[in-house]
Number of protein chains: 2
Amino acid sequence: MGTPENAANYTAKKYRTPDGAPCDIVIFTIATVEAQIHKKSLPRRELQVLLIQRKAWPDEGKWALPGGFSMPTESLYESARRELQEETSVESPYLEYFNVYSTPNRDPRGWIISHAYFALVQESILANRRAADDAADVKLFSVDEALNTLHLAFDHHEILRDARARVQHKMLTTTIAREFLPEEFTIVELYQVIQTVCPDFEDPNFKRKVTATKTRQGLIEEARDDQGVKKTTNRNSQRHAQLYRFTDYEPIVSIYQ
Amino acid sequence: MGTPENAANYTAKKYRTPDGAPCDIVIFTIATVEAQIHKKSLPRRELQVLLIQRKAWPDEGKWALPGGFSMPTESLYESARRELQEETSVESPYLEYFNVYSTPNRDPRGWIISHAYFALVQESILANRRAADDAADVKLFSVDEALNTLHLAFDHHEILRDARARVQHKMLTTTIAREFLPEEFTIVELYQVIQTVCPDFEDPNFKRKVTATKTRQGLIEEARDDQGVKKTTNRNSQRHAQLYRFTDYEPIVSIYQ
DNA sequence: GCAATAGTGTCTCTAAGACACTATCGT
DNA sequence: ACGATAGTGTCTTAGAGACACTATTGC
């Protein structure tokens, strides 16, 4: 083996190369599952995931994560964003890479390394979704239902499980809760989003801590109108509740201090 | 387009496929840079990264992260582990996937999507390292030096920067400090590891909080010998200091509670 | 007035943060 | 005795956690 001086001497494709580098996208939303009937109260909400029923080999008929093969002219993020827009037509998505899936023979079509992203989307944006041409059907499932009762295509069960774990972790350590909330929200709505994603989360003093505690000051702030008057809403109750908004501040948490 | 019933109908390779899916590994260690001369005291330590000088096109002569092309018979983790062992001969590494790099034309050899791992290795293990056959030289660099003064091959500057950010974040939110420490360590040694990776970390009451605070109880415990007597060391000072060990407990931190 | 949700008063216990102090031990 | 690092005493202020209480308003 010599030391080639330039590209002309480089002999590519000496080895087998991958048969594709697709993206799979775990599109999460928090959906209202029980509308309030007559009484004013917080509706029940649950974490859902968008799945597509495959209409071609392999795993025809099974539910799968949306996705598709990436192209050499785009980065994987751009590819994922393109796929996401095809499904949801969301313009400025929360879209984050979280893992790669490369177990040999995970896809019968060949050596296919899949890149998994998750997206957080407001329920309202998924209202006008449409089926892509490679899918017989598109549907939102409760994540619990998808993991416990469906037989997903490929290794998508593992991908969905990993995605949920990642979102649960980020829900407690970052401010991604904002992706599931309107600009201005009440404390109870925030609390519900956290609990919907992290069922074990419980904190009787939540309101005090999130608003009054010095170390957390700056995380959220009271919403005010043009005159500086605090804004409230009574959409969830008879009594008006203070509206809050997230600030730009992203706290860093440490196990040591 | 019909609905093919099985693999025989599947026509693969309709599109261009990637030219390779390599792994790049950011191998971190914390190295002693000033041995104590005469006096007993903590040596200065710094975060270092292992780099390889390329001896072939492209970017011949530049320093690069160790890595190599993965094979269809192995997962990317196995591939990364194989590469890591070739460089360091470490048997049970801390090795974690953290990102993918797929910008078009990031590699002049073609459509090459690189998978970045970071490894945390004890300084002692890197003592008997050897050059792999595709590298002219192997060397440890201070991470600051590598980022500020070297011109790394490909997009390895970006990869190294991302890896450092990830390790800094995990240093504060997980117990990866253990990877840079002996089984049993003093509080000051732990404090130094955290500060070496995260220069902004400062906490005058560190010892109190990490040992006495209820919410952190279970993170570390006092090292004891067979008779249950507390173990101490005077390797860093004249006075003996208590030795501690990490437990299996991994705390979860939240910005809300 | 009732129901339903929003929000407060108040008490106890624990932690944070600061700073000066004591302890140990090789040289 | 000195120097260097390990570790403690103690005080003030803030937050956690619990629980019962008051407030608002549509019906």
I'd like to know if B:Arg239 reaches the base of D:dG3 with its side chain such that a donor and an acceptor end up less than 3.5 angstrom apart.
no
Side-chain donor or acceptor of A:Gln242 under 3.5 Å from a matching atom on the base of C:dG7?
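For A:Gln242, whose side chain was compared with the base of C:dG7, there is no donor-acceptor pair (under 3.5 Å).
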Using whole Å, report how far [atom1] of [X] lies from [atom2] of [N].
X	N	atom1	atom2	result
B:Lys207	C:dC21	NZ	C1'	16 Å
A:Phe206	C:dT5	CZ	P	18 Å
A:Ile187	C:dG7	CD1	C1'	11 Å
A:Phe185	C:dA6	CZ	C1'	16 Å
B:Arg208	C:dC19	CZ	C1'	11 Å
B:Arg235	D:dA4	CZ	C1'	17 Å
B:Gln192	D:dT5	CD	P	12 Å
B:Asn236	C:dG26	CG	P	14 Å

Quick one: is the NZ or CZ of B:Lys139 closer than 6.0 Å to the six-membered ring centre of B:Phe141, and within 45° of its axis?
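Verdict for B:Phe141: a cation-pi partner in B:Lys139.
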First encountered from the 5' end of DNA chain D, between A:His240 and A:Asn205:
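So the residue in question is A:Asn205.
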Charged N-O contact under 4.0 Å between B:Lys231 and B:Asp226
no
Would you call B:Arg245 and B:Glu222 a salt bridge, taking side-chain N to carboxylate O under 4.0 Å as the test?
no
Please tell me which of the listed nucleotides, [options], lies nearest to the side chain of [X]?
X	options	answer
A:Ala241	C:dC19, C:dG7, D:dG7	C:dG7
A:Gln238	C:dA3, D:dA16, C:dG26	C:dA3
B:Lys209	D:dT5, C:dA6, C:dG17	C:dG17

To the nearest 0.5 Å, how far apart are OG1 in B:Thr196 and CG in B:Leu47?
8.0 Å
Take B:Phe180 and B:Phe28 through the ring-ring contact (aromatic ring centres under 6.0 Å, His included) test and state the conclusion after the steps.
CA-CA 9 Å; B:Phe180 292 127; B:Phe28 287 115; 7.8 Å; no
